[in-house]
Amino acid sequence: MQRKYSLLCLFFAFCLLWTSSRSFGFEEADYASLDEVGTGSLLVKEGHSYRPFLRSNAEFDVQVNGLVSKVIVRQSFRNPGQDWVEAVYVLPLPDDSAVNAMRIKIGERVIEGEIKEKQEAKRIYTQAKAAGKRAGLLQQQRPNLFSTQVANIGPGETVEVELSFLQVLHYDGGQFSLRLPLTLTPRYIPGVSLMELPPQEVKGWSFPTAQVPDAHLITPPQTHQAQTPEGGDDQLKARIQIAVNTGFDVERFSAPYHAIDVTRLSAEYRVSTQSGAVPMDRDFVLNWKPVAQQAPVAAYFSEQVEGKDHGLIMLLPPTQSQNLQIGPRELIMIIDSSGSMSGQSMVQAKQAVQMALDRLRPQDRFNVIDFDSGFNTLFPASAHAEPGALRRARLFVDSLVADGGTAMYAPLQAALTGPDSEENVTQVVFITDGSVGNEAALFELIHKHIGSKRLYTVGIGSAPNAYFMRKAAEFGRGTYTYIGSSDEVQGKMSELFGKIEKPALTHLNVNIEGAQAELYPQPVPDLYLGEPLVIKARFDEQPERIQISGMFEGQPWRSQLQLQQGDSATGVATLWARSKVAHLQDEGVRQGNGELHRDEIIKLGIEHRLVTRYTSFVAVDKTPVRPADADLLTDQVANRMPAGSTQPAPAVGYPRTALGLHWHLLMGLMLLILALLVWHRAEFREECHGDLA
């Protein structure tokens, strides 16, 4: 019997070890030494070592006009080796960016990209790669995460990839903001690993899983170090140049995470980083504030494309009744203490929760939920904000340690599925870096259970998943706040609670006079003090005016804006199409069918030359350049780990926040040891019996 038991343990131990080693083995063998090289480097494997592609530069040229910014990103790589190479890299972009152009430059040859349906673009690229032609493929993996492949880069050649995208500036609290993500935080990949793909198809550190079938495409290798193999200067830097035409005088520019220089040339401001180039380990953020008497209350920009008028409209909500506060409320704070939050992110998250506790009133009720691989709720049900309960909450928060996975589905479900109160407003403040790969399932959860509650997301860290944070807040009818350093916690959390402690502008309705219009977002969300309503519209003819009505402080509210004198601005039509694509995707989530509007999204993408979930850019040179007998190597690009993070880089197999494979490995080892002990004991007893006999 004991022998059977020990054999059974050995069998399970073998299965767990085999599964883990299969998962570790491929990536561990390929990326074991990537930490010795830099983020964004292209690597060629030679024997047991790597030879890097030295990236010569990364440049961001930004042109801001009114509410719209146009960004051109150029990334250059040089192949110093003797082999032909295909490069693959993942590029984070702003979560609302509309990518509408791609070109590849190799030597003096320029290849322009064409927009195609995604599978067709991939087929064209694959055929060109096999035929030895230079080719490029740009695909959207997430609205804020794109991948580029460049085939047949010759020995000694330099390739430059240029992308162009548009985005609407963020305006809040009287200041404009521009954000350029330069790296990403490794994402938590839940679900059982699928082994259906051959190893050569898996580009990232994770295999696909049942819950995240494209995990291998959104998990590029990452590294903390960025020096050249020879120990030279940091090669992972970006040069940023921004030209700002605001149409008004600016009181001040500020970049909270970088040192900048600002000069003025007539009506245009020129902004650049003081050091010339900056490490690509955190988002670059630029804020500017108009002088008080020139602060906008409304703005309108228009563009005509193919006989259709398009408009970008901004209107500020009312600012009266600053001192009016809402009645008793229930505040549920969810704090992420997973491994990806280790370091400064955890410090900032704790500070944010402690500050929220300080602002609670005796009539309020509250609770705190902590999560990593599992979750803990401070109280079985929300407690009144009495001194004893607050003291207990502070000790609870102080004791949190960042570790484990980022399993946020269960804690979100626990917070949102509680009964709606008729007396109190339930506000859920969700503090996390949002580093997950199963965004769609989480959006569906929020949409299904939000009821009359409101969800406010607080993005923490140097490179949070802004797309998830913003969309989660939209489905939760709340707001998104970003905190990038400990110095910002008090100010940003004060702004957030200043908003949610005041009445919002609700039940909004937009009416266009003089034209038929298609408007986004739909439905119009609630607005909070200091936040503008930004509408992207398409008209059948030039409209006359727009009327916006709603409820404020329990009373009807109305505002009107004349539209005849809007300034012309390039890209307004593209931004409208990007908003419609987002709306169609959201409708798919709401109706539980992500593929619901596939054909319509493809049509929009082709019509507006827009990269979407179903459309991609492909560029192919006509002439084959790689000799038919020469091999083509494929290598993935590493991204830099976010500044301040102490989480190990996911360069070796799966990170601790991923699939729990370390746990599987540990369990397998424990079972193996147990089986050996049982086996040894059985053998010892037999020996004893033999001796006694």
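A quick note: this is a predicted structure, and the numbers were derived from the prediction, not measured.
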Applying side chain to side chain donor-acceptor pair (under 3.5 Å), run through Asn465 and Glu439 and close with a yes or a no. CA-CA 10 Å; Asn465 181 356; Glu439 293 99 326; 3.2 Å; yes
Is the distance between the ring centroids of Phe253 and Tyr269 under 6.0 Å? yes
Do NZ/NE/NH1/NH2 and the carboxylate oxygens of Lys603 and Glu607 come within less than 4.0 Å? no
Trace of the side chain to side chain contact (heavy atoms under 4.5 Å, CB included) decision for Ile546 with Val510: CA-CA 7 Å; Ile546 177 173; Val510 179; 3.4 Å; yes
Could you tell me if the side chain of Leu138 sits less than 4.5 Å from the side chain of Val611, heavy atoms only? yes
salt_bridge(Arg270, Glu268) N-O dist < 4.0 Å: yes
Do the charged groups of Lys580 and Glu600 touch, with an N to O distance under 4.0 Å? yes
Would you please test Leu180 and Asp283 for side chain to side chain contact (heavy atoms under 4.5 Å, CB included) and show each step? CA-CA 6 Å; Leu180 299 173; Asp283 292 1; over 6 Å; no
Taking all heavy atoms of Arg578 and all of Pro143, pick out the closest pair and write down the distance. NH2-CB, 3.6 Å
Donor-acceptor check, side chain of Gln522 to backbone of Leu519, threshold 3.5 angstrom: yes or no? yes
Should Met280 and Lys237 count as side-chain neighbours, where that means a heavy-atom distance under 4.5 Å? no
Checking Glu303 side chain against His310 main chain: does a donor-acceptor pair fall under 3.5 Å? no
From CA spacing to verdict: salt bridge (charged side-chain N to carboxylate O under 4.0 Å, His left out), Glu444, Lys448: CA-CA 6 Å; Glu444 189 173 348; Lys448 186 176 179 181; over 6 Å; no
Strictly below 4.0 Å, N to O, side chains only: are Glu495 and Lys492 in salt-bridge contact? no
Tell me, do Glu513 and Asn511 make a side-chain contact under 4.5 Å, heavy atoms counted? yes
With a 4.5 Å cut-off on side-chain heavy atoms, are Ile124 and Glu120 touching? yes
For the pair Gln241 and Asp61, evaluate side chain to side chain donor-acceptor pair (under 3.5 Å) and give the outcome as yes or no after the intermediate values. CA-CA 5 Å; Gln241 301 284 342; Asp61 284 341; over 6 Å; no
Which atom pair, heavy atoms only, marks the closest approach of Val589 to Ala440? CG1-O, 4.4 Å
Output field: ring centroids Tyr467/Phe443 closer than 6.0 Å: yes
Arg179 charged N/C atom sitting above Tyr482 aromatic ring, 6.0 Å / 45°: yes
Are the side chains of Val458 and Ile483 in contact, using a 4.5 Å heavy-atom criterion? yes
CG (Leu137) and OG (Ser147) are apart, to the nearest 0.5 Å, by 6.5 Å
So does Ile104 get a backbone contact from the side chain of Arg109, meaning a donor-acceptor N/O pair under 3.5 Å? no
So with a 6.0 Å cut-off around CZ of Arg558, is the heavy-atom count from everything else above 12? no
Tyr480 and Phe468: aromatic ring centres closer than 6.0 Å? no
Min side-chain heavy-atom separation Arg454-Asp526 under 4.5 Å: yes
Working for salt bridge (charged side-chain N to carboxylate O under 4.0 Å, His left out), residues Asp214 and Arg613: CA-CA 12 Å; Asp214 62 348; Arg613 182 179 178 184; over 6 Å; no
Distance-only, no hydrogens or angles: does the Thr457 side chain make a donor-acceptor pair with backbone N or O of Met469 under 3.5 Å? yes
Near Glu587 CD, under 6.0 Å, is it more than 12 heavy atoms from other residues, nucleotides or ligands? yes
Spell out, as yes or no, whether a donor-acceptor pair under 3.5 Å connects the side chain of Thr612 to the backbone of Tyr614. yes
Would you say Ile260 and Leu286 make side-chain contact, with heavy atoms under 4.5 Å? yes
Closer than 3.5 angstrom, by distance alone: can the side chain of Tyr300 be matched with the main-chain N or O of Met314 as a donor-acceptor pair? no
Salt bridge present between Glu160 and Arg103 (N-O < 4.0 angstrom): no
Got a donor-acceptor contact below 3.5 angstrom from the Trp288 side chain to the Leu178 backbone? no
Return the CD1 to CD1 distance between Ile606 and Ile601, rounded to the nearest 0.5 Å. 12.5 Å
For the side chain of Ser97 and the backbone of Leu93, is there at least one donor-acceptor N/O pair under 3.5 Å apart? no
Are Lys471 and Asp586 within salt-bridge range, i.e. N to O under 4.0 Å? yes
Just do the ring-ring contact (aromatic ring centres under 6.0 Å, His included) check on Phe176 and Phe248 with the steps written out, would you? CA-CA 12 Å; Phe176 292 88; Phe248 51 78; 5.7 Å; yes
Does Ala569 offer a backbone N or O that forms a donor-acceptor pair with the side chain of Ser302 under 3.5 Å? no
In terms of side-chain geometry, is the basic nitrogen of Glu531 or Lys499 positioned less than 4.0 Å from the acidic oxygen of its partner? yes
Evaluate the criterion side chain to side chain contact (heavy atoms under 4.5 Å, CB included) for residue pair Arg477 and Phe475; output intermediate values, then yes/no. CA-CA 6 Å; Arg477 288 181 288 175; Phe475 279 106; over 6 Å; no
Do Gln547 and Ser559 pass the side chain to side chain contact (heavy atoms under 4.5 Å, CB included) test, and can you show the C-alpha distance, the side-chain angles, and the key distance before you say yes or no? CA-CA 6 Å; Gln547 287 197 16; Ser559 183; over 6 Å; no
Tell me yes or no: between the side chains of Glu488 and Tyr257, is some donor less than 3.5 Å from an acceptor? yes
Separation of Gln274 CD from His258 NE2 (nearest 0.5 Å): 12.0 Å
Side chain to side chain donor-acceptor pair (under 3.5 Å), that's the test. Do Ser435 and Asp433 meet it? Break it down for me. CA-CA 5 Å; Ser435 298; Asp433 57 18; 3.2 Å; yes
Using a 4.5 Å cut-off on heavy atoms from C-beta on, say whether the side chain of Val64 contacts that of Leu169. yes
How many angstroms lie between CD in Gln516 and CZ in Arg538, if you round to the nearest 0.5 Å? 14.0 Å
Between Glu59 and Arg74, does any NZ, NE, NH1 or NH2 come within less than 4.0 Å of an OD or OE carboxylate oxygen? yes
Determine, for Arg142 against Asp95, whether the closest basic-nitrogen to carboxylate-oxygen distance falls under 4.0 angstrom. no
Give the intermediate values and the outcome of salt bridge (charged side-chain N to carboxylate O under 4.0 Å, His left out) for residues Glu117 and Lys122. CA-CA 9 Å; Glu117 191 274 328; Lys122 187 173 181 180; over 6 Å; no
Mark yes or no for whether Arg470, through its side chain, and Ala472, through its backbone, hold a donor-acceptor pair below 3.5 Å. no
Start with the C-alpha distance between Asn287 and Ser177, add both sets of side-chain angles, then the distance that settles side chain to side chain donor-acceptor pair (under 3.5 Å), and finish with yes or no. CA-CA 4 Å; Asn287 303 316; Ser177 295; 2.7 Å; yes
